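Just so we're clear, the structure is a prediction, and the values are computed from it rather than from any experiment. First the proteins, then the strands, lettered A, B, ... as listed; each starts at 1.
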Amino acid sequence: MTITGSVGFESKLRTLEEAAGEVADGATIALGGLSMNAVPMAFVRELARRKVRDLTVVAIVHGMPLEWLVAAGCVRKVVSGLVSLEGFGLAPRFRAAVQSGEVAIEEYSEHTLICRLQAAGYGLPFVPTKAGLGTDMLALHPETTREEVDETTGEAYVECTALPVDVAIVHADAADTRGNVRVDPKLVWMDSELVKAAARVIVTVERILPERAFRAAPERTTYPRFAVDTVVEAPWGAYPTSSYPTYGYDGAFFEAYQRAHADPATAASFWEERIAGPETHAAFLDANGGPETLLRIARRPT
Amino acid sequence: MTITGSVGFESKLRTLEEAAGEVADGATIALGGLSMNAVPMAFVRELARRKVRDLTVVAIVHGMPLEWLVAAGCVRKVVSGLVSLEGFGLAPRFRAAVQSGEVAIEEYSEHTLICRLQAAGYGLPFVPTKAGLGTDMLALHPETTREEVDETTGEAYVECTALPVDVAIVHADAADTRGNVRVDPKLVWMDSELVKAAARVIVTVERILPERAFRAAPERTTYPRFAVDTVVEAPWGAYPTSSYPTYGYDGAFFEAYQRAHADPATAASFWEERIAGPETHAAFLDANGGPETLLRIARRPT
Amino acid sequence: MSAATIDELMVVTLARAFTNETRAFNGAVSFVPVCAYLLARRTHAPELVWAASSLAVDADPKSIPESTLSDGLWDGASMLSNSAYDFWSYAQGRRYNTFAFRGAQMDAYGNVNNTTIGPYASPKVRLPGGGGMADLGCMIPLIFLWSTTHDPRTFVEKLDFRSGIGWGDGGDHRARLGLPGGPQLCVTNLCVFDFDPDSKRMRIRSVHPGVTVEQVVEATGFELAPSPGGVPETDAPTDEELRVLREEVDPTGARLREFR
Amino acid sequence: MSAATIDELMVVTLARAFTNETRAFNGAVSFVPVCAYLLARRTHAPELVWAASSLAVDADPKSIPESTLSDGLWDGASMLSNSAYDFWSYAQGRRYNTFAFRGAQMDAYGNVNNTTIGPYASPKVRLPGGGGMADLGCMIPLIFLWSTTHDPRTFVEKLDFRSGIGWGDGGDHRARLGLPGGPQLCVTNLCVFDFDPDSKRMRIRSVHPGVTVEQVVEATGFELAPSPGGVPETDAPTDEELRVLREEVDPTGARLREFR
């Protein structure tokens, strides 16, 4: 299935297992995508199966990946702007873990968190914004979101200090073996801020393309090879979230997940049978309906 | 040639003359493109012909448009990072005008100027950078590029204060009459920073497309209609600079321009015959070789 | 045309507050405003700008999915924008001018809480979090609030946590912070609130059919500013508005997810 | 294969300083480094990254046009990047690590002037300006300098204006400013300079064939640091390097524009 890499060049192609091995216990990782969209879930599942420990997870606006990592006991702290399952309700495992104190949450507004990542990406002490003024958000972390007044204009603003990230994991449509990556048709979420902020970047993709495909449409390349350290071929790798425009999120999975969490017993069996249990990514897709599910969520061009 | 606008919607389509009329004497304007590439030259020529006065021209890295505006006496001050005709040498009219004090120059490094525009675009008192540290650049304008030390890390950095722009003029490939704009295949220069910083945005384009063309490929839209105030159809509107990938810059024009400026008399006739004299954009193209020139610079797909 | 249900009345009332100058976008779980933007655009405000999920400008979805941040909402858009580079800069740069949000708690000044019920350190309920509220409340001049649960647990005297700013502490607080505009309306399942021009406290602008001022006061956990010139009944939707909403904007009734 | 001309020797010498770890880009009027990046990539450093005009990553032009900021240089690229969003963030973020610049004046520490000759307020000559030099000199750890006019007017004791920083005031000045790395080499039409590890002053690393140390000292307006272990002759290009440069990298001799 994997095509041979560009002859004579280093290949950055790794298996899901190899790539997950790049995340050490205690690491700070950042997850791409947003809410129901373009989350590297196949990679997240592999992390959960490996029982990586004490992770700090930077998740600007996320739900299901935090559910899985928390359920597997991988998470020490979540750095986040919003956590929910969106139209499907609150995130049950995450919510319980935070309320019980099992998992710490370092909470920011969405934009101040983006600014912190940009400061890290640009090698700056901070990035300024007016976001959060007049709210209780800034007081949560006065050392990293510093309220200041501009000396000349007298304007209030917020200095968002750099948030360094060890590993960013993002999902995209295609890559070549040298690390050029294309988000097709276009990157819409904040993944690029994560890529720029992280010391190491892992990209899972729906398919591997030959380098010539990138040279044939260079305007469509989203990340250059020198910004990407590891490439993983993971078709349907965002399931059960969406990978626009190839497939949508699986609403049935989210509904079933919420139903199962009405009761600890059903939650446990759902976790084992439909999430953590399956040995491979293919087996995981099979456990969730296999081809029938995939055909159902495959997006018809409109 | 112009197709009818999207029925029932306000049309932002104007003629070159109408659009140039939106620039008042004393205005601060910003020019898109960079050096030999994608400069809205047809619009610049129209400004020069109208003899608009006392302009402050923000030009990050430019050459020929400043030559024309200075020659026509439109310019009070240039706010810039670099001015030259690149491989064709220094910019003769601009250089003479600055050396004689006829035109003032407010000079920044390229990136501190970008940061000043971003601060204006984002409604922030300043945008920070490490650019310019240890050079003589910062001391030129200590009030707008303020050297500071971060209270926590002790890092030196520079606060680039907001630079408000009245009108930004950029050149692109296509627009619809509602103001959606596509830079084809992709925006590479800093035009988007100008668009975001300016109170008013004028876009000259190679062609007008129906709105459905934008809805058919929304990922290729560069500026949304609500960020664009005026659209001008100006085919070959970047000549003698390039409009990638449709046509390249006209090296012969630049060579001839430099040769003519070896002597004030030849410079004056070149100005009259080949730049300022022609009544229309078409006449201007004709005065510079017409179809023969256009076919010569039309870029063969590679 | 059957009479308007409460969800329909709320959508229509909000839609009528939007104009051809409205340049809006939406966040998570925002079915009511999304329906209102689409309805306004299809009726009285054809030039209205709405970016689906804050990204897909001029989207024209055939129906509304379970998530208002979903790519299922993006069909027919004239621009897909990048969140950090396009959306957030146009939001900070004032090209966008309209945003609607709700909270698990709201106070008299239109500030909202979507973070925790109970003390932050030891929450009784851990809510999703402020997300973009804390940001956009500071950036956007025309803020609209809505609530499908108008009761004293939602409309409280004091928020447990201020996730997003409305009129702040009231009066000129926003102006003193250098923030533009502020909340314009709050549309609930009982009434429509606007804000006293001086104190910036909520006051009843109209009550929905069959609802009394007393019921609203009863259901509101804070003191309301007086409504000069009395309190009319909320204008009823027209048949055309109801037809467009029911048949074109939200045929599957996704908005009802907010009324469970 | 005919003997190397001075332009060829300079390009080859610079190319040999680049490796598979080099992640470079170029600015205006940079024919010599552009040729050097392409030559290194086609010979000993196939993984080398070069972004043409700082935008077109891995470009593979058939020839080099009159402008090194021109889209004529972009053919065959694997990525066209956006200047503000991609280039400047990867430059600040250290993914790019190599930049080459020259100046109308250079001093002993590799600082450059491209702004004015004579006082800034009343310049004798108004030069193009610092452009991105002042920025990238601060952001990029591996800086390379070149000059095709090695004379006392170019290599001066004191710059009329410091447009771009090299080693600053020397010693640990860059480190004190929190800036990464610094200038590595300066390749001229007479010799190759490197920098004393402590003082950070230029010293002669090698002289080109037919050039004496005395001539270099004569042509240099500042005191040079001593060269430990003497000064060898600059290594000659191989036939293969010359063939690739002449036939594949720069068949039209665009690099000669810097030698007029």
Side-chain angles (χ1 to χ4, degrees), chain A residues 34-38 60-61 63 80-88 90-91 94-96 98-99 101 105 107-112 114 117-118 129-138 140 153-157 185-190 192-193 242-245 248-249 251 254-255 299 302, chain C residues 27-29 31 53 55-56 62 65-72 74-76 80-88 91-92 111 113-115 120 122-139 159 161-166 168-169 173-174 176-179 254 257:
Chain A
L34 183 134
S35 190
M36 316 292 294
N37 313 278
I60 300 175
V61 172
S80 174
L82 187 147
V83 180
S84 84
L85 298 180
E86 253 263 58
F88 301 94
L90 298 170
F94 169 83
R95 185 180 173 192
V98 170
Q99 286 175 194
I105 177 164
E107 186 167 17
Y108 296 94
S109 71
E110 185 177 336
H111 195 253
T112 53
I114 294 168
L117 291 164
Q118 288 176 332
T129 178
K130 293 193 174 180
L133 290 171
T135 71
D136 292 335
M137 298 299 298
L138 304 178
L140 294 177
T153 64
E155 290 170 274
Y157 69 97
K186 174 179 180 173
L187 176 65
V188 296
W189 305 117
M190 283 79 93
S192 187
E193 278 53 51
S242 71
S243 187
Y244 179 85
Y249 61 82
F254 284 80
E255 301 274 16
R299 206 156 182 285
T302 48
Chain C
V29 201
F31 299 95
S53 315
L55 299 177
K62 278 160 209 55
E66 301 98 329
S67 162
T68 56
L69 283 184
S70 159
D71 49 48
W74 302 350
D75 289 349
L80 271 187
S81 39
N82 171 278
S83 183
Y85 190 58
D86 297 313
F87 169 69
W88 283 106
Q92 292 183 88
N111 305 299
N113 171 20
N114 207 30
T115 304
Y120 186 83
S122 53
K124 186 135 43 69
V125 183
R126 174 71 231 184
L127 297 165
M133 263 180 206
D135 310 315
L136 296 159
C138 297
M139 298 171 183
L159 301 176
F161 190 94
R162 188 189 287 176
S163 312
I165 188 170
D169 304 338
H173 189 205
R174 274 186 77 94
R176 278 185 281 112
L177 289 170
L179 306 181
R257 295 188 158 264

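Of the two parts of Lys130(A), the backbone and the side chain both hold a non-hydrogen atom closer than 4.5 Å to a non-hydrogen atom of chain C. Of the atoms belonging to Phe87(C), not a single heavy atom falls under 4.5 Å from chain A. At a 4.5 Å heavy-atom cutoff, Leu85(A) makes no contact with chain C through either its backbone or its side chain. Both the backbone and the side chain of Leu187(A) come within contact range of chain C, each with at least one heavy atom under 4.5 Å from a heavy atom of that chain.
Between Arg126(C) and Leu90(A), every side-chain heavy-atom pair lies at or beyond the 4.5 Å cut-off.
Between Arg257(C) and Glu255(A), the closest heavy-atom pair is NH2-OE2, 3.7 Å. The heavy-atom pair separating Ser81(C) from Lys186(A) by the smallest distance is CA-NZ, 3.8 Å. Among all heavy-atom pairs drawn from Arg95(A) and Val125(C), the shortest one is NH2-CG1, 3.0 Å. Here the closest non-hydrogen pair linking Pro65(C) and Tyr249(A) is CB-OH, 3.8 Å. Scanning both residues, Arg299(A) and Asp75(C), for their nearest heavy atoms gives NH2-OD1, 2.9 Å. Between Tyr244(A) and Asp71(C), the shortest heavy-atom distance links the atoms CD1-CB, 3.2 Å.
With sequence neighbours excluded, the residues that form a side-chain contact (heavy atoms from CB on, under 4.5 Å) with Ile165(C) are Thr135(A), Asn111(C), Cys138(C), Arg162(C), Arg174(C), Leu177(C), Leu179(C).
Counting only distance, with no hydrogens or angles, the side chain of Asp136(A) and the backbone of Phe161(C) share no donor-acceptor pair below 3.5 Å. Here the side chain of Asn37(A) pairs a donor or acceptor atom with the backbone of Leu69(C) at under 3.5 angstrom. Panel note: side chain Glu193(A), backbone Ala84(C); no donor-acceptor pair is recorded below 3.5 Å.
Taking CH2 of Trp88(C) as the reference point, atom CE of Met190(A) lies at 7.0 Å (rounded to 0.5 Å). The CD atom of Gln99(A) sits 10.5 Å away from the NZ atom of Lys124(C) when rounded to the nearest 0.5 Å. Atoms CE and CD, on Met36(A) and Glu66(C) in that order, are 7.5 Å from each other to the nearest 0.5 Å. To the nearest 0.5 angstrom, Ser70(C) atom OG is 11.5 Å from Leu34(A) atom CG.
For the set Ala91(C), Gly168(C), Ser163(C), Ala254(C), the entry with the most heavy-atom pairs within less than 4.5 Å of chain A is Ser163(C). Each of Gly129(C), Pro128(C), Gly130(C) has some count of heavy-atom pairs under 4.5 Å with chain A, and the biggest count is that of Pro128(C).
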